[in-house]
Amino acid sequence: MEILKPDGGTRNLGVPTVTDRFVQQAVLQVLTPIFEEQFHDHSYGFGSNRCAQQAVLKALEIMNDGHNWIVDIDLAKFFDTVDQDKLMTIFGRTIKDGDVISVVRKFLASGVKIDDEYEDTIVGTPQGGNILPLLANVMLNELDKELAARGLDFVRYADDLIIMVGSRRAAERVMKSVTRFYRGKVWSESERRKEQG
């Protein structure tokens, strides 16, 4: 089903059946503690016991240390453009059980119904399922790790990201390099072609 977004666009919402929701919740309860220990401390979205207020406090703490230039990275259409193959490759680095991988892949590719017509979801993570926020965090954790490896101070809440640096020049450099990394790591090939064409 389609829902209206605040900016006026629409978003596809995949509402699982009761049985699918039950299975997703069971899988989620097993996977969450496994992945939670891998997530960066400055990642606040979708995590258990983490909230937006904590993200704001962490950002203020970093800014008070003199990093008062903010790079606001807009992960527009993140959920709609995730490359499912890349996501499952990342997922498979931690989860080795083929049955679990198969079930999670089916959740991703379960499709959506729009105007009584079924559409495949071969790109992106259809929103509405219990497990999909965790999968989004698994994907975005790759960006978190890259930012940490570069020694950057950042705060991420779900798909909203700010990076705090000390100068305008650093902000411009970081914006370009992080955007390039993100597009190469997360976007599907078809979305990259659209952006280039």
What are the two closest heavy atoms between [X] and [Y], and how far apart are they?
| X | Y | result |
| --- | --- | --- |
| Trp69 | Ala171 | CB-CB, 4.4 Å |
| Ala52 | Tyr157 | N-CE1, 3.5 Å |
| Leu108 | Gln84 | O-NE2, 3.4 Å |
| Val30 | Ile34 | O-CD1, 3.5 Å |
| Asp72 | Met175 | O-CE, 3.7 Å |

Check whether the side chains of Arg156 and Asn137 place a donor and an acceptor atom closer than 3.5 Å, and report yes or no.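 A pair is found: one side chain offers a donor N or O, the other an acceptor, under 3.5 Å apart.
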Arg50 versus Ser43, side-chain donor and acceptor atoms under 3.5 Å: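 On atom types as modelled, these side chains do not qualify, holding no pair under 3.5 Å.
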[X] side chain near [Y] side chain, heavy-atom distance below 4.5 Å:
| X | Y | result |
| --- | --- | --- |
| Ile162 | Phe154 | no |
| Met139 | Lys86 | yes |
| Phe107 | Gln24 | yes |
| Gln25 | Ile131 | no |
| Phe39 | Val138 | yes |
| Ile73 | Leu143 | no |
| His42 | Ile62 | yes |
| Phe91 | Ile101 | yes |

[X] [atom1] to [Y] [atom2] distance, which is reported to the nearest 0.5 Å:
| X | Y | atom1 | atom2 | answer |
| --- | --- | --- | --- | --- |
| Ser177 | Leu152 | OG | CG | 7.5 Å |
| Leu147 | Glu142 | CG | CD | 11.5 Å |
| Glu146 | Asn141 | CD | CG | 12.0 Å |

Run the salt bridge (charged side-chain N to carboxylate O under 4.0 Å, His left out) test against Arg168 and tell me which residues pass, sequence neighbours left out.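 Arg168: salt bridge (charged side-chain N to carboxylate O under 4.0 Å, His left out) contacts with Glu172.
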Can you list the residues that meet the salt bridge (charged side-chain N to carboxylate O under 4.0 Å, His left out) rule with Asp153, with sequence neighbours excluded?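 Result, salt bridge (charged side-chain N to carboxylate O under 4.0 Å, His left out) vs Asp153: none returned.
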Asp85 vs Arg105, test: side-chain contact (heavy atoms from CB on, under 4.5 Å). Steps then yes/no. CA-CA 9 Å; Asp85 291 334; Arg105 172 66 90 167; 2.8 Å; yes
Output, in order, the C-alpha distance, side-chain angles, deciding distance and verdict of salt bridge (charged side-chain N to carboxylate O under 4.0 Å, His left out) for Lys106 and Asp20. CA-CA 10 Å; Lys106 287 175 183 170; Asp20 285 346; over 6 Å; no
Begin with the C-alpha distance, continue with both residues' side-chain angles, and end with the deciding distance and a verdict on side-chain contact (heavy atoms from CB on, under 4.5 Å) for Leu28 and Leu31. CA-CA 5 Å; Leu28 180 65; Leu31 294 180; 5.7 Å; no
Given Met164 and Val155, is the side-chain contact (heavy atoms from CB on, under 4.5 Å) satisfied, shown in steps? CA-CA 8 Å; Met164 287 140 289; Val155 173; 4.0 Å; yes
Residue pair Arg150, Val178: steps toward the side-chain contact (heavy atoms from CB on, under 4.5 Å) verdict: CA-CA 10 Å; Arg150 294 181 186 195; Val178 171; 3.7 Å; yes
